[in-house]
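Just follow the structure's listing: the first ligand is 1, and inside any ligand the first atom is 1.
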Amino acid sequence: MGVIEMIDPATGERLGELEETSPEAIERAMVHARKAFRRWGNLPLSERMDHISRLRRYIVEHADELAATVVKDTGKVHLEALMTEILLTVDFIKYYEKRAASILKPKKVPTPITLIGRRSWVEYRPMGVVAVISPWNYPFQLAMIPAISALVAGNAVLIKPSEVSPLTGLLIEKVFRKVGFPEDVVQVIHGGKEVGERLIQARPDKIFFTGSVASGKKVMAAAAEHLIPVDLELGGKDPMIVFADADLRRAANAAVWGAFTNAGQTCMAVERLYVESSVYETFVQMVKERTEALRLAEEESDVGSMTFPRQLDIVEEHLADAKEKGAKILCGGRRTGTDGLHFEPTVLVDVDHSMRIMSEETFGPVLPIMPFDTEQEAIRLANDTPYGLNSSIWTKNRKKARRVAARIEAGNVCINDVMINMVNPGLPYGGVKWSGIGRYHGPEGLLSFCHRVSLISHPGRKKREINWYPYSQRQTDAIRYLIRLLYGKGLHLSMKEMFNLAVQFLRRK
Ligand code: NAD
């Protein structure tokens with residue numbers, strides 16, 4: 001196994017190196033995790049939650065220090081690290097502290113009349129060892145939130161952070177150690193994609209993967225070999241639709257923040273902006289002015305550096321392709337600063353769907369804008385993508401907003417807002433089409449780390465049931481009557497049929 005170089009992407013400074021976890025160590029970690037699961041999964045929920053609450057308090061007390069490490073690892077702005085990595089994580093923990101007991105408690109299910117005399121309910125049991133494989137763009141929260149959800153549900157967890165953000169991997173390891181989590185309940189596996197592949201070969205009981213579509217497909221194929229359930233949180237090409245009757249100032253501010261926060265490296269960033277023709281020129285001008293006002297690479301910067309050199313190459317490839325096909329750059333479009341991976345926030349127009357910048361995930365500080373004439377055209381353009389993660393609709397007409405929202409093919413829709421649904425811990429989060437499979441956050445986010453076991457119970461004092469052996473003509477008649485009575489014309493049975501049914505019923509009694 002190799003060595004990962006740790007580099008501050010904002011300055012290019014070399015921070016050290018980290019050895020990848022060896023295949024033997026991955027196997028050992030799995031054995032230890034299985035043992036730890038037996039202890040952890042059998043603890044009462046209240047005891048598990050005590051550990052989780054301690055974790056929250058530790059994160060709160062060390063918020064700035066943790067954020068600073070993530071900044072060094074990714075080049076993002078400190079405020080963004082505090083907001084999206086730390087605040088989001090502790091808010092989720094608080095949500096589960098309040099709700100886990102009610103989400104995980106057994107749920108009674110109505111028993112139909114055909115099963116009269118029985119009781120039915122569902123219990124939620126942990127699955128075992130969960131592998132959480134995470135990306136580099138929000139390396140703390142995208143590893144922590146699924147890991148914490150899996151832990152609350154009673155699973156042991158093996159986290160495989162991205163090789164692009166190894167410092168945060170070390171940080172996560174340290175946090176759990178400092179909090180005094182029971183041994184081996186959470187272990188961190190360091191390394192790149194081969195290490196991720198090895199982790200899957202070690203056969204976890206569930207895989208929670210966040211990353212690109214290309215890797216997601218490989219993870220799903222590898223998981224299929226062992227029939228391991230997978231949740232996939234993948235990429236996006238999110239549309240923002242601005243109608244002429246929207247609050248244009250709010251929409252312009254949102255477009256700029258939604259496209260450039262985290263240097264555009266957000267799965268649900270605004271990657272395509274569609275504006276109604278009658279306000280197009282005005283709106284483009286508003287977006288351009290706001291983009292040009294952003295501060296870069298200063299003490300108090302608004303846009304941090306990009307994180308991954310290869311991602312910056314993709315941004316430049318998409319821009320070159322767009323320019324060649326006729327797009328016009330209104331502002332930005334170049335690398336900036338002497339060190340690191342800074343790229344100017346870029347606004348471009350005269351774009352169309354033949355360009356990579358409008359059809360592939362760019363994942364950088366780039367905002368292409370395109371006009372539309374009708375509601376139908378806006379919906380068609382928004383849905384003209386294999387992705388379906390987030391989306392936003394901007395109009396003061398609530399009816400129109402709901403009508404358009406109902407036709408957008410995405411797992412998440414914001415109305416007069418941007419990216420925000422992920423921040424409500426009670427809302428399920430995930431994509432449709434290529435953007436993923438499964439949901440996390442909210443009650444679903446906890447239950448997706450559980451086996452849902454259905455139970456049915458009979459008092460056990462009856463010798464035989466109507467559907468058991470030996471079969472007879474009377475049974476056949478009784479079942480036929482029952483079908484007609486319950487699912488057909490109801491009480492429109494003939495007198496003879498009613499009589500026969502009554503006889504059957506009395507006999508059974
Ligand atoms: P990536 O797919 O390259 O890597 C993600 C993680 O998977 C890394 O830890 C990597 O080492 C590991 N990995 C890669 N190939 C693997 C394999 N075959 N088997 C096992 N593990 C493997 O993605 P990335 O570049 O780190 O992240 C950016 C992508 O993630 C973007 O497409 C972005 O949209 C997406 N993303 C999605 C969400 C979401 O919630 N839907 C959130 C953040 C990022």
State whether the side chain of Asp73 and the backbone N or O of Leu167 hold a donor-acceptor pair below 3.5 Å, judged by distance alone.
yes

Starting from atom 15 (N) of ligand 1, find the nearest protein heavy-atom neighbour and note its residue, name and distance.
Lys193 CB, 3.4 Å

Find all atoms of ligand 1 within a distance of less than 4.0 Å from any non-hydrogen atom belonging to Leu142, and give their numbers and elements.
42 (C), 43 (C)

Closest heavy-atom approach to atom 1 (P) of ligand 1 among Ser215, Ser165, Gly196 is made by Ser215

Under 3.5 Å, which donor-acceptor pairs do the side chains of residues 408-421 form with other protein atoms, sequence neighbours left out?
residue: Glu409; atom: OE1; partner: Lys433; partner atom: NZ; Å: 2.6
residue: Asn412; atom: ND2; partner: Leu389; partner atom: O; Å: 2.9
residue: Asn412; atom: ND2; partner: Gly430; partner atom: O; Å: 3.0
residue: Asn416; atom: OD1; partner: Thr395; partner atom: N; Å: 3.0
residue: Asn416; atom: ND2; partner: Thr395; partner atom: O; Å: 2.9
residue: Asn421; atom: OD1; partner: Asn390; partner atom: ND2; Å: 3.0
residue: Asn421; atom: ND2; partner: Val413; partner atom: O; Å: 3.3

Option of least heavy-atom distance to atom 42 (C) of ligand 1 (set: Gly211, Pro161, Cys267, Gly236)
Cys267

For Asn137, counting its heavy atoms only, list the atoms of ligand 1 lying under 4.0 Å from any of them.
43 (C), 44 (C)

Decide whether the shortest distance between a heavy atom of Ser134 and an atom of ligand 1 is less than 4.0 Å.
yes

Looking only at distances, please establish whether an N/O atom of ligand 1 is found under 3.5 Å from an N/O atom of Ser435.
no

The option among Lys237, Glu197, Lys217 carrying the non-hydrogen atom nearest to atom 18 (N) of ligand 1 is Glu197

Among non-hydrogen protein atoms, atom 24 (P) of ligand 1 lies closest to Trp136 NE1, 3.4 Å

contact_flag Val164 ligand 1 heavy-atom lt 4.0 Å
no

Test side chain to side chain donor-acceptor pair (under 3.5 Å) on His342 and Thr336 and set out the steps.
CA-CA 5 Å; His342 296 273; Thr336 171; over 6 Å; no

Ile133 neighbourhood, listing ligand 1 atoms whose heavy-atom distance to it stays under 4.0 Å
6 (C), 7 (O), 9 (O), 12 (C), 21 (N)

Whether the Gln141 and Thr84 side chains hold a donor-acceptor pair (N or O, under 3.5 Å, no angle test) is what I'd like checked.
no

Compute the centroid of each ring, for Trp136 and then for Phe308, and state whether the two points are separated by less than 6.0 Å.
yes

Quick one: which ligand 1 atoms are inside 4.0 Å of a heavy atom on Val219?
17 (C), 19 (N), 20 (C)

Using a 4.0 Å cutoff against the non-hydrogen atoms of Glu233, which atoms of ligand 1 qualify?
37 (C), 38 (C), 39 (C), 40 (O), 41 (N)

Can a salt bridge be assigned to the pair Asp205 and Arg34 using a cut-off of 4.0 Å between side-chain N and carboxylate O?
yes

Check contact between Tyr429 and ligand 1, using heavy atoms of the residue and a distance below 4.0 angstrom.
yes

Atoms of ligand 1 less than 4.0 Å from Glu163 heavy atoms?
8 (C), 10 (C), 11 (O)

Flag, side chain of Arg54 to backbone of Val179, donor-acceptor distance under 3.5 Å:
yes

